[in-house]
There are 2 protein chains.
Amino acid sequence: MSATTIVLATHNAKKVPEMRAILAAAGLNIDVVGLDLHPDAPDVAETENTFSGNALLKARAVAAHTGLPAVADDSGLRVDELNGMPGVLSARWSGSFGAATGDKDAANLRLLLDQLADTPAERRGAQFVSAAAVVLPSGEEHVVEGVLAGHLTTEPRGANGFGYDPIFVPDGETRTTAELSPEEKNAISHRGIAFRALAAWLRDHL
Amino acid sequence: MSATTIVLATHNAKKVPEMRAILAAAGLNIDVVGLDLHPDAPDVAETENTFSGNALLKARAVAAHTGLPAVADDSGLRVDELNGMPGVLSARWSGSFGAATGDKDAANLRLLLDQLADTPAERRGAQFVSAAAVVLPSGEEHVVEGVLAGHLTTEPRGANGFGYDPIFVPDGETRTTAELSPEEKNAISHRGIAFRALAAWLRDHL
């Protein structure tokens with residue numbers, strides 16, 4: 001019996017083995033390939049204002065292009081004091097200021113800390129959120145969301161991870177997600193939660 | 001009969017005559033002075049996350065310092081697509097990036113346009129909001145809010161006003177608030193609405 005193949009809508013080489021491992025752990029005989037195998041897949045602008053909406057946009061575009069089941073995710077940081085922003089704008093929060101520095105991640109993080117400069121510890125709650133969407137060749141769609149709750153530090157700490165990891169401390173932890181090992185982070189991360197929920201759905205629907 | 005004097009918690013010389021005119025138009029025999037006459041009044045950090053909270057903080061501090069009735073306001077821009085932000089952070093939205101440019105207003109506006117680069121016209125709703133607070137020597141307090149609803153352009157237009165005026169078009173207008181004359185803007189502005197409501201309250205309570 002040949003394995004089903006699904007396409008993960010990402011150019012990030014690290015995400016493909018992560019998804020493979022999650023599907024295998026769920027007992028699924030599914031192969032995962034990234035967009036490196038489908039280089040002419042359309043690059044979809046993330047124009048929706050929800051994580052779920054953007055994940056679906058990307059999964060639909062890749063499913064339509066490849067004819068294969070397609071999975072996509074959209075992730076970001078919700079900050080209580082900013083009414084849930086930067087949210088879907090997490091990766092572009094510092095706009096042209098960040099682009100001009102050549103290190104967008106560091107600029108986004110610095111801008112967020114500046115905006116929260118007067119915010120006391122008890123108001124620094126935040127959540128990492130990831131939406132994972134799948135679109136099947138039949139047209140059937142499913143989206144799930146994973147959330148990691150925590151709070152923000154006042155200065156960056158740690159060298160692992162990316163994005164806002166150096167200022168995010170998960171509930172029950174004292175270390176930032178940039179001070180956790182990749183294994184520790186994957187075990188609790190918003191994307192891990194979303195992808196495991198998606199695997200459970202795929203087991204019943206593929 | 002000598003006029004009552006109230007202190008307006010501002011170092012902005014333009015706000016004092018504006019408030020004087022509004023109180024006179026409401027038929028009140030009240031004199032208004034600014035913080036230039038009380039230069040040693042405390043400079044209060046705007047640490048609350050509501051306009052009303054920050055206006056009250058400032059009015060309380062100036063009332064306690066001067067022993068006179070004190071009025072303060074806090075204003076900003078709520079953007080629908082950003083869940084109401086920049087809000088109370090409107091004047092500091094671009095953080096150290098804006099401070100480094102030497103023109104914070106222009107930097108805040110540029111960052112906001114960058115963040116909304118993918119936001120279509122039908123999702124560009126926004127409101128200018130102003131909270132005006134008064135604290136009497138008796139300890140009695142009152143806060144009112146004025147709102148000017150509209151939408152955001154994709155490029156700045158006009159040379160009047162300040163802050164986000166060049167990208168804000170009030171409902172029923174085609175011009176930005178930076179293209180309105182100061183008189184036209186005062187007649188409809190969030191701060192004008194709040195100050196006129198405060199004048200009505202002062203007429204009954206002073």
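Proteins get letters first, then strands, A, B, ... in listed order; numbering begins at 1 in each. For clarity, every value in this text was computed on a predicted model and none was experimentally measured. Basis for what follows: all heavy atoms, side chains included, without hydrogens, waters or symmetry-related copies.
- Residues of residues 57-92 of chain B having a heavy atom under 4.5 Å from any heavy atom of chain A, listed by number: B:E81, B:L82, B:N83, B:G84, B:M85, B:L89, B:R92.
- Among A:L112, A:T119, A:N49, the residue with the largest count of heavy-atom pairs under 4.5 Å with chain B is A:N49.
- A:D114 and B:S96 share a donor-acceptor pair across their side chains, judged by distance under 3.5 Å alone.
- More than 12 heavy atoms of other shown residues, nucleotides or ligands fall within 6.0 angstrom of atom NZ in A:K15.
- No part of B:A117 comes within reach of chain A, as not one of its non-hydrogen atoms sits under 4.5 angstrom from that chain.
- In this structure, chain B has heavy atoms under 4.5 Å from both the backbone and the side chain of A:A107.
- Using a 30° and 60° split on the angle between ring planes, A:W93 and B:W93 fall in the perpendicular class, above 60°.
- Here the closest non-hydrogen pair linking B:R123 and A:E48 is NH2-C, 4.1 Å.
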